[in-house]
Amino acid sequence: MRADALPLIGIYVTLFILTFQIIKRQLDFRLLVVFSVVVRILFLSATPNLSQDFYRFIWDGRMIMEGFNPYLYTPDSFILNGKFPIAQAQTLYNGMGALSASHFTNYPPINQLCFTIAAFFSSKSILGAVIVMRLLIIAADIGAIYFGKKLLKALNMPVHRIFWYALNPFIIIELTGNLHFEGVMIFFFIWSLYLLQINKWKWAAFILACSVSVKLIPLMLLPLFYNYFKRADTSKISYSKLIMFYTVIGLSLIAFFLPFFSMEFIDNYSKTVGLWFGNFEFNASIYYLARAIGYSITGYNEIAIIGKVLPIIAILIILSFSFIKKHMQLPQLITSMLLVLTCYLFLSTTVHPWYIATLIICGIFTNYKFPLVWSLVIILSYLAYTNASNTENLWIISLEYIIVFAVFIWEVLLKKSLSIKDLKLD
């Protein structure tokens, strides 16, 4: 249970050490793949107890099966009026919690398709729906291992690096165990990058749109492709390829969202997505510092203001990477993606543990280790669940981010700077 955070942390750290030892020995690749699948199957019939999001997943899927557009109704709009539109409606409503029940869904279409598949195969059993969704996530992880290995090989990198994703306790617990669909998003994301590497960029664009249609995170990475399509021999942008790349993504996303489209959908969806910057706060870093400064000046929580300023800073960082930094080869592009996503999370008001899954997969294609360090220390965020009010201990959050920022600054700034000085001395 989430309240048993201290034993959880002890077990988690032990698993992390064992994982390090397994990967370090570089055992037979196929054996490690089998092991990666087996440890996931161990979760197959377990009900998630570190997250309650899966109740909303099941709700949305069953709503679609009953002919409702899940983007147009909140669970509150039914239950509070004594209406029960789906099987086990009250149980699902109680399980998802008041926060989820009072807001419109924010899960994109392909994510909704996964929920619908679960509802199709298990319309009256919560455990049955959990098993179906878990099988989908496990299948996605197998796909991520497959394309991750092919991409590592194509980039002349050690293929065993993929197991820092496949065997990472954080990935197994948060995605397979807690049923977070970042795993499906990552499968499409890595597949897309591999297609880019082998110059099948039109298919890469479509598959990247699939990734966005599971989780919106890859959407912020689209500007980074501007310099990727720059020709190495002339340093000029291939605008025909770039425009076609964005066009395929745009048309694919329109096609995915079209079955749910209405003006009410646009209003509901934009408001729900906006809530993550203007209303919610959890496990943040720079935002908590800004909030403390705001309290000292005004005496109030200035999230309404800070939550608007921080996204603007994130956008400026993305644009600077897109138009100033050169990343014409895929490894440089992935490095830029990693750094952009990291800065985005540093500036976010809410950083749930599963948000950093994309950092892990991007990190294995670079020489940076800070994503792995973060995947270890982010377990400290669960200490918030050791008290009845689920309030965070800011000293614990500070410890988490002191470690993460220290490794980040060393790897990204100081280490590179020292290397440049050494070269000059030589």
Side-chain angles (χ1 to χ4, degrees), residues 23 29-30 32-33 36-37 40 108 110-111 113-114 136-168 170-172 174-176 180-222 224-225 228 245 248-249 252-253 256 327 329-342 344-345 354-368 371-372 374-375:
I23 298 174
F29 192 92
R30 288 172 294 183
L32 290 181
V33 170
S36 300
V37 175
R40 284 164 166 77
I110 291 184
N111 211 349
L113 175 61
C114 295
L136 291 174
I137 293 172
I138 292 173
D141 274 348
I142 294 171
I145 294 171
Y146 175 76
F147 285 111
K149 177 189 176 182
K150 291 176 75 71
L151 183 55
L152 285 166
K153 192 173 182 179
L155 296 175
N156 295 315
M157 294 180 178
V159 294
H160 275 72
R161 283 189 180 189
I162 192 61
F163 293 110
W164 278 116
Y165 174 84
L167 288 177
N168 194 315
F170 160 78
I171 294 294
I172 296 169
E174 282 297 345
L175 306 191
T176 304
H180 290 119
F181 279 80
E182 272 72 10
V184 179
M185 176 199 76
I186 286 169
F187 159 63
F188 287 119
F189 180 66
I190 291 301
W191 186 5
S192 174
L193 293 180
Y194 174 69
L195 290 171
L196 272 181
Q197 178 63 20
I198 61 175
N199 204 31
K200 294 184 178 180
W201 53 272
K202 291 180 183 178
W203 279 109
F206 173 74
I207 298 301
L208 187 59
C210 291
S211 183
V212 174
S213 295
V214 179
K215 295 284 183 176
L216 296 180
I217 288 295
L219 199 61
M220 74 175 67
L221 302 176
L222 295 186
L224 297 175
F225 289 95
Y228 178 78
F245 184 79
V248 171
I249 293 174
S252 300
L253 289 175
F256 293 145
H327 39 71
Q329 302 300 318
L330 193 63
Q332 288 76 32
L333 174 64
I334 297 175
T335 299
S336 293
M337 289 176 169
L338 172 62
L339 296 178
V340 160
L341 288 173
T342 301
Y344 163 75
L345 292 176
W354 55 93
Y355 288 8
I356 71 167
T358 314
L359 302 187
I360 307 303
I361 197 67
C362 286
I364 67 174
F365 298 98
T366 75
N367 291 322
Y368 293 132
L372 295 176
W374 200 351
S375 73

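Numbers here simply count residues along the sequence, with the first being 1. Computed from a predicted model, the values in this text were never measured in an experiment.
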Gap between atom [atom2] of [Y] and atom [atom1] of [X] - 0.5 Å precision:
X	Y	atom1	atom2	result
Lys200	Tyr194	NZ	OH	7.5 Å
Phe170	Tyr165	CZ	OH	9.5 Å
Gln329	Leu196	CD	CG	11.5 Å
Phe189	Ile361	CZ	CD1	8.5 Å
Leu224	Ile334	CG	CD1	11.5 Å
Leu338	Leu221	CG	CG	10.5 Å

Where is the tightest heavy-atom contact between [X] and [Y], given as atom of each residue plus distance?
X	Y	value
Ala140	Gly183	CB-O, 3.8 Å
Ser211	Met185	OG-O, 2.9 Å
Gly363	Pro371	CA-CG, 4.3 Å
Leu193	Met337	CD2-CE, 4.1 Å
Ala144	Ile190	O-CG2, 4.3 Å
Phe256	Ser213	CD1-OG, 2.9 Å

Does the ring center of Phe147 lie less than 6.0 Å from the ring center of Trp191?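 Ring-ring flag for Phe147/Trp191: true, centres closer than 6.0 Å.
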Any non-hydrogen side-chain atom of [X] less than 4.5 Å from a side-chain atom of [Y]?
X	Y	value
Asp141	Ile172	no
Leu339	Tyr368	yes
Leu330	Leu151	yes
Leu208	Leu222	yes
Asn111	Val184	no
Val212	Pro108	no
Lys215	Phe188	no
Ile217	Tyr344	yes

Carefully, step by step, assess Ile162 and Phe29 under the rule side chain to side chain contact (heavy atoms under 4.5 Å, CB included). CA-CA 10 Å; Ile162 192 61; Phe29 192 92; 3.9 Å; yes
Would you find a donor on one side and an acceptor on the other, under 3.5 Å apart, between the side chain of [X] and the backbone of [Y]?
X	Y	result
Arg40	Ala139	no
Ser36	Leu32	yes
Arg161	Gly148	no

Check the pair Leu333, Phe365 against side chain to side chain contact (heavy atoms under 4.5 Å, CB included), reporting the backbone distance first and the verdict last. CA-CA 10 Å; Leu333 174 64; Phe365 298 98; over 6 Å; no
Using side chain to side chain contact (heavy atoms under 4.5 Å, CB included), reason through Leu219 and Leu253 one step at a time and then give a plain yes or no. CA-CA 11 Å; Leu219 199 61; Leu253 289 175; 4.2 Å; yes
What verdict does the side chain to side chain contact (heavy atoms under 4.5 Å, CB included) test give for Phe187 and Ile142, after you've listed the backbone C-alpha separation in whole Å, the side-chain angles of each residue and the deciding distance to 0.1 Å? CA-CA 8 Å; Phe187 159 63; Ile142 294 171; over 6 Å; no
